[in-house]
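The block underneath contains the structure these notes are about, expressed in structure tokens.
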Amino acid sequence: MTYHILVPDNLNPAGIDMLNAVEAFEITAPGKMSREETIAALPTAHALIIRSGTTADADLLAHTENLRVIVRAGVGVDNVDLDECTRRGIVVMNTPDGNTIATAEHTFGLMLALARHIPQGDASLRAGRWDRKLYMGTELHGKMLGLIGFGRVGRAVAKRAQAFEMTEIAYDPFVPPDIARHLGIPIVPTLDDLFAQADIISLHAVVTDDTREIINAETIAKMKDGVLIINAARGALVNNADLAAALKTGKVAGAALDVYDVEPPATDNPLLGLDNVVYTPHLGASTREAQEAVGVHAATRVIEALLKGKYTSVRNKPVLEKI
Ligand code: MLT
């Protein structure tokens with residue numbers, strides 16, 4: 001049997017090469033495909049490998065006839081309708097390991113850029129100015145870092161924060177306290193505990209009904225005055241209008257944003273254009289090393305699923321009872 005593997009987003013060549021090496025596979029991977037092109041190619045596909053650029057919603061999934069697996073090359077599966085996949089018997093897997101270091105390092109880059117006004121200093125010097133007084137920063141040393149979400153990336157950030165001699169707390173209802181104790185990071189029982197203590201808050205949670213817009217006017221009011229907020233996880237964790245308002249009053253002294261509720265961000269996103277915000281265009285996972293790892297892991301998921309019936313990092317576990 002020949003399997004058709006459809007890759008409508010850019011996947012690292014290391015992953016494409018692995019797929020091409022399998023005789024039983026026929027690969028469609030022309031680079032970034034439009035939604036219309038993806039839909040046209042879907043009916044014959046047995047496996048779909050996507051990044052965040054393709055939304056596998058119910059409308060798109062309605063065009064699948066033979067699809068067995070979707071692999072999200074990356075972590076977040078918020079662009080995949082998991083219930084609809086389960087209903088259709090499509091196994092959804094992700095590749096959570098490849099991006100961790102890249103995202104943790106980017107978080108730290110954002111933290112330093114924010115605390116030391118590095119982008120503003122760069123822009124000012126390029127404009128011919130020498131504004132040393134304007135860009136007085138704060139040290140990370142001794143500051144309390146509050147991590148919301150203590151999974152792979154949260155833990156990698158925590159490890160790096162220890163080297164900067166920060167103190168740290170984390171909130172994550174899914175992590176047993178003994179794991180955090182082992183890593184030397186106290187897990188606080190409630191988010192309010194974290195808000196009350198943190199000088200810098202970094203988001204590392206997935207978007208669920210419980211975490212959507214977890215940063216909003218009510219929770220910001222519970223934070224320390226002058227708190228810094230970093231979001232390299234998902235834009236939907238933040239209420240845009242509420243965070244923008246708090247940045248304007250200085251309640252939140254600064255934010256560093258790598259992710260947006262809509263990407264690219266809508267032009268009327270109130271978070272855009274603020275002087276005390278550092279922006280990057282969803283670069284968390286954008287390192288050569290991470291993209292190669294993610295490409296290889298995604299190809300491995302497809303090969304193992306279609307040729308060996310082995311499923312790893314399944315995001316819609318109930319489907320396994322149906323296949
Ligand atoms: C992820 O979820 O893996 C990262 O945000 C990177 C990406 O969306 O590609």
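Both counts, for ligands and for their atoms, begin at 1 and track the order of listing.
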- With sequence neighbours left out, what residues match His4 under side chain to side chain donor-acceptor pair (under 3.5 Å)? Thr28, Thr44
- Query: Which protein residues have a heavy atom under 4.0 Å from ligand 1?
  - Reply: Ser52, Arg72, Gly74, Val75, Gly76, Asn99, Arg234, His282, Ala285
- Message: Which residue in the set Glu213, Arg212, Glu218 passes side-chain hydrogen bond (donor to acceptor under 3.5 Å, both in side chains) when paired with Asn239?
- Response: Glu213
- Item | Glu139, CD: over 12 other non-hydrogen atoms inside 6.0 angstrom | no
- Whichever hydrophobic residues join Ile39 through chains of side-chain contacts under 4.5 Å: Leu6, Met33, Leu42, Leu48, Ile50, Leu60, Leu61, Leu67, Ile70, Val77, Val80, Leu82, Ile90, Val92
- Task: Measure across Pro119 and Ala113 and return the closest heavy-atom pair with its distance rounded to 0.1 Å.
- Result: CD-O, 3.6 Å
- Message: Run the salt bridge (charged side-chain N to carboxylate O under 4.0 Å, His left out) test against Asp268 and tell me which residues pass, sequence neighbours left out.
- Response: none
